[in-house]
Amino acid sequence: MKVSEAISSRMTVRQFLDRPVPKDLIVEILEAAKRAPSGGNLQPWTVHVLTGDPLKALIDDIDVKLKAGVIEEPEYNVYPPDLVDPYRSRRRVLGQALYDLIGVPREDLPGKLKQLSRNFRFFDAPVGLFFVLHRQMEIGQYADVGMFMENIMLLAREHGLDTCPQEAWARWPQTLKEHLSLKDEEMLFCGMAIGYRDEDAVINRLVSEREEFEKFVTLHGF
Ligand SMILES: Cc1cc2nc3c(=O)[nH]c(=O)nc-3n(C[C@H](O)[C@H](O)[C@H](O)COP(=O)(O)O)c2cc1C
């Protein structure tokens, strides 16, 4: 598969098949992804990979907490509280398209929360990844981890797999600290579901928009 094909076929998948991903495949993808660049070659990422019992234990724990109304102090603000346009509109358009697709009306808050909670089942993916950094890290290192994550998402495509990067997991720092035995200086940045796409799931028909070239590129001196 060409890189361009991996890029164009990558999308966020939010419903996976109940089909296991062999350990060797996960190892191969992570081994290849580690060639991601990082400023000063810090390689500021560590990854926890969960499947089977540890994954089930985490999902069950959060399920109980959600039903009991437990809320944790999020690890960080996923979005700025006062998000400005055009970013605010883009986020709204994406959310609306997703809820329209699955038939959740604008005013149906419980329906929206139910969909949000699907994050915490990794959308039924058989494998969940967590990306962790040292708390000392700065903006540059978060970009590094993003590049590492993109490598994983593109390599997944090469192997017929799909992914969903998940900042939603930043809502559960205490629970994840316990389940992953994180040290105080370790910070949970992002989760990622990985598995085989459910081709029949309506939610996987969501095609997100992108701005036109002129809207985000300024050419100088051409
Ligand atoms: C770092 C990161 C975190 C994300 N977190 C979530 C998440 O928690 N839940 C979710 O459903 N989608 C999440 N997404 C997916 C985005 O909504 C998605 O990438 C965007 O709408 C563009 O769609 P596409 O990935 O299908 O091209 C995340 C994406 C990124 C890059």
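Start at 1 and go down the list; that is how both ligands and their atoms are numbered. Computed over heavy atoms, backbone and side chain alike; hydrogens, waters and symmetry mates excluded.
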- [ ] Taking only heavy atoms of M11 into account, list the atoms of ligand 1 that are under 4.0 Å away from them.
- [x] 26 (O)
TODO: Could you label the plane-to-plane angle of the F130 and W169 rings as parallel, tilted or perpendicular, counting under 30° as parallel and over 60° as perpendicular?
DONE: perpendicular
Task: Among D198, V13, I102, T12, side chain to side chain contact (heavy atoms under 4.5 Å, CB included) partner for I203 - done: I102
Task: ligand 1 contact on F189 by region, counting heavy-atom pairs under 4.0 Å - done: neither
Open item on the list: Can you confirm whether the side chains of Q141 and S38 place a donor and an acceptor under 3.5 Å from each other?
Closed with: no
Open item on the list: Test your reading of the structure: does P165 have an N or O sitting under 3.5 Å from an N or O of ligand 1?
Closed with: yes
Open item on the list: With a 6.0 Å cut-off on the ring centroids, do W45 and F131 count as close?
Closed with: no
- [ ] May I ask you to identify, for E150, whether its side chain, its backbone, both or neither come under 4.0 Å of ligand 1 on a heavy-atom basis?
- [x] neither
- [ ] Walk me through it: do Y196 and F16 pass the test ring-ring contact (aromatic ring centres under 6.0 Å, His included)?
- [x] CA-CA 5 Å; Y196 295 95; F16 292 85; 9.1 Å; no
Open item on the list: Considering non-hydrogen atoms of the protein only, which is the closest contact for atom 22 (C) of ligand 1, and what is the distance?
Closed with: S208 OG, 3.4 Å
Task: Taking every non-hydrogen atom, the tightest pair across Q115 and R14 - done: NE2-CD, 4.5 Å
Open item on the list: Is the contact between V78 and ligand 1 made by the side chain, the backbone, both, or neither, using heavy atoms and a 4.0 Å cut-off?
Closed with: neither
TODO: Kindly confirm or rule out an N or O of L94 lying under 3.5 angstrom from an N or O of ligand 1.
DONE: no
Task: Element-labelled atoms of ligand 1 that are located less than 4.0 Å from some non-hydrogen atom of N119 - done: 7 (C), 8 (O), 9 (N), 10 (C), 11 (O)
Open item on the list: Nearest 0.5 angstrom please: L129 CG to T163 OG1, how far?
Closed with: 9.0 Å
- [ ] Indicate the atoms forming the closest heavy-atom contact of M187 with Y142, along with that distance.
- [x] SD-OH, 3.2 Å
Task: contact_flag R118 ligand 1 heavy-atom lt 4.0 Å - done: no
Open item on the list: Quick check: closest heavy atoms across P44 and V145, and the distance to 0.1 Å?
Closed with: CG-CG2, 4.2 Å
Open item on the list: Below 4.0 Å, non-hydrogen atoms only: which portion of M149 touches ligand 1? Side chain, backbone, both or neither.
Closed with: neither
Task: Protein heavy-atom partner closest to atom 1 (C) of ligand 1 - residue, atom, separation in Å - done: E167 OE2, 3.4 Å
Task: atom 10 (C) of ligand 1 within contact range, any protein heavy atom under 4.0 Å - done: yes
- [ ] Note the single closest protein heavy atom to atom 27 (O) of ligand 1, along with its residue, its atom name and the distance in Å.
- [x] R210 NH2, 2.8 Å
Task: Heavy atom of the protein closest to atom 8 (O) of ligand 1 (residue, atom name, distance) - done: A168 N, 2.9 Å
Open item on the list: Taking the cut-offs as 6.0 angstrom to the six-membered ring centre and 45 degrees off its axis, would you call K34 and F148 a cation-pi pair?
Closed with: no
Task: Smallest separation among heavy atoms of R118 and Q15, with atom names - done: NH2-OE1, 2.7 Å
Task: Taking atom 19 (O) of ligand 1 as the reference point, the nearest protein heavy atom with its distance - done: T12 OG1, 3.3 Å
TODO: Determine, considering heavy atoms only, which of M192, R91, R14 sits nearest to atom 17 (O) of ligand 1.
DONE: R14
- [ ] Would you mind listing which atoms of ligand 1 come within a distance below 4.0 Å of any non-hydrogen atom of F123?
- [x] 11 (O)
